[in-house]
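Down below is the structure, laid out as structure tokens.
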Amino acid sequence: MTRIVQPPESSIELLTRAYALAGVTILELAESLGVILPHKLLHGKGITGQLLEQCLGATAQSKAQPDFVHLGIELKTIPVNSLGKPLESTYVCTTPLTYSANIQFEESVVYQKIRHVLWVPIITDKKKSLSNRRIGTALLWQPTPDDLAILRTDWEEHMEQIMLGDLEKITAHQGVYLQIRPKAANSRARRLGINSDGNLITTLPRGFYLRPQFTQMILQKNYW
DNA sequence: GGATGATCATAT
DNA sequence: ATATGATCATCC
């Protein structure tokens with residue numbers, strides 16, 4: 001998608017733009033941008049996030065960088081029910097599977113993406129169509145020290161398992177706030193990884209995700 | 001009903 | 001081919 005909106009110059013400007021979208025439906029947003037919505041969300045799972053990126057002036061890249069690089073802010077749309085409860089987990093970034101060097105949590109892509117997030121709730125009724133989902137009140141958020149302590153521990157445990165070459169032992173059951181799940185076109189997709197003997201292997205691509213319990217806590221703490 | 005593992009579209 | 005944008009589909 002082409003960018004027709006200039007990037008916001010400050011976090012305040014970004015938040016002001018986001019607030020102005022509260023109450024707008026996805027159909028209205030799409031029409032204002034001249035975008036035709038897919039008839040089924042199955043064939044346009046990422047469209048909501050892409051519409052928000054476009055109208056908020058995100059620096060449209062597919063990189064391991066926050067959406068607003070100059071502000072260090074990541075944009076996340078999050079589907080919520082009428083009570084504000086998240087309906088899905090939140091993808092963070094690709095999980096490195098050939099990891100070896102000594103890297104600290106604060107240097108990780110996970111941290112760079114999570115340290116400052118503009119959450120845009122999308123009020124969603126899964127029985128209804130994408131077009132009548134409605135944008136909620138945005139929240140500019142940073143993790144608390146307690147949040148960070150848990151996220152750091154989760155990340156360290158995941159990365160240790162990867163460094164030990166235990167890729168096939170990874171399961172979504174692991175991690176308090178941050179989990180690892182498949183992130184691929186399908187279950188036959190393969191990426192390079194390292195096994196417990198230190199040899200290169202191919203394995204299922206994975207991504208880091210935030211559990212809904214965590215994002216629910218974020219939203220409810222900040223809206224209530 | 002909620003979580004895990006699987007999947008779809010697009011940009012680069 | 002891989003990363004980002006996510007939600008779907010099935011199992012418990």
Side-chain angles (χ1 to χ4, degrees), chain A residues 1-4 26 29-30 33-69 73-99 108-110 112-114 117-133 135 154 158 167-193 202-217:
Chain A
M1 274 178 203
T2 41
R3 170 152 53 80
I4 56 173
I26 298 303
L29 179 59
L33 295 169
V35 172
I36 305 294
L37 291 175
H39 286 92
K40 294 285 190 176
L41 200 53
L42 176 61
H43 300 297
K45 294 179 179 180
I47 187 69
T48 304
Q50 289 157 355
L51 291 173
L52 266 295
E53 282 182 345
Q54 188 176 332
C55 82
L56 291 176
T59 331
Q61 306 172 98
S62 293
K63 290 294 168 58
Q65 294 283 328
D67 293 292
F68 302 91
V69 184
I73 295 175
E74 174 76 7
L75 170 66
K76 288 294 179 195
T77 61
I78 181 165
V80 299
N81 68 13
S82 57
L83 302 176
K85 180 177 177 179
L87 299 177
E88 300 284 353
S89 58
T90 300
Y91 170 71
V92 178
C93 61
T94 301
T95 306
L97 300 173
T98 55
Y99 185 82
S108 70
V109 176
V110 168
Q112 295 305 318
K113 293 239 179 181
I114 283 182
V117 178
L118 180 70
W119 297 101
V120 180
I122 306 296
I123 299 153
T124 296
D125 181 343
K126 290 207 173 195
K127 296 193 296 290
K128 295 186 181 176
S129 72
L130 164 65
S131 60
N132 65 28
R133 294 185 179 192
I135 300 170
D154 283 346
H158 290 314
L167 298 179
E168 303 312 324
K169 294 181 184 168
I170 293 174
T171 162
H173 295 284
Q174 298 158 349
V176 177
Y177 290 165
L178 187 70
Q179 63 179 172
I180 293 179
R181 302 219 308 280
K183 176 65 172 172
N186 55 59
S187 61
R188 278 100 53 201
R190 287 296 178 264
R191 290 292 182 283
L192 285 180
T202 62
T203 188
L204 187 61
R206 315 301 211 305
F208 286 113
Y209 294 82
L210 298 177
R211 293 185 181 277
Q213 292 95 328
F214 180 50
T215 53
Q216 176 173 7
M217 186 180 79

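Keep in mind that what you see is a predicted model, and the values were worked out from it rather than measured.
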* To do: Decide side-chain hydrogen bond (donor to acceptor under 3.5 Å, both in side chains) for A:S89 and A:R181; before the verdict, give the C-alpha distance in whole Å, the side-chain angles of both, and the deciding distance to 0.1 Å.
  => CA-CA 10 Å; A:S89 58; A:R181 302 219 308 280; 3.0 Å; yes
* Structure fact -> Rounded to whole Å, the CD-C1' distance (A:Q65 to C:dT4) equals 13 Å
* Asked: Any idea which heavy atoms bring A:T215 and A:P86 closest together, and the distance?
  -> OG1-CG, 3.4 Å
* Asked: Expressed in angstrom and rounded to an integer, what is the separation of A:L33 atom CG from B:dT10 atom P?
  -> 16 Å
* Between A:T94 and C:dT4, is there a side-chain N or O to OP1/OP2 distance below 4.0 Å? -> yes
* To do: Look at A:K85 and B:dG1 and indicate whether a side-chain polar atom (N or O) is within less than 4.0 Å of OP1 or OP2.
  => no
* What heavy-atom pair brings A:L51 and A:L33 nearest, and what distance separates the two atoms? -> O-CD1, 3.6 Å
* Heavy-atom protein contacts under 4.0 Å, nucleotides 3-9 of chain B, coded B base, S sugar-phosphate only, - none -> SBBBBBS
* Let me know the distance between CD1 of A:I26 and C1' of C:dG5, rounded to the nearest Å. => 13 Å
* Asked: With respect to A:R133, which candidate in A:I123, A:L41, A:L29 satisfies the side chain to side chain contact (heavy atoms under 4.5 Å, CB included) definition?
  -> A:L41
* Rounded to the nearest Å, what distance is computed from the CG atom of residue A:L41 to the P atom of nucleotide C:dA9? -> 10 Å
* Which part of the nucleic acid does A:P79 contact within heavy-atom distance under 4.0 Å: base, sugar-phosphate only, or nothing? -> sugar-phosphate
* **Atom-pair distance (CG on A:L51; C1' on C:dT4), nearest Å** => 15 Å
* **Distance in angstrom units between A:N81 CG and B:dG2 C1', rounded** => 13 Å
* **Rounded distance in Å - OH (A:Y91) to C1' (C:dG5)** => 9 Å
* To do: Kindly write out the residues that satisfy ring pair (Phe, Tyr, Trp, His ring centres under 6.0 Å) with A:Y177, not counting sequence neighbours, or none if the list is empty.
  => A:F214
* Touch check for A:E74, heavy atoms < 4.0 angstrom, all strands: base, sugar-phosphate only, or nothing? -> sugar-phosphate
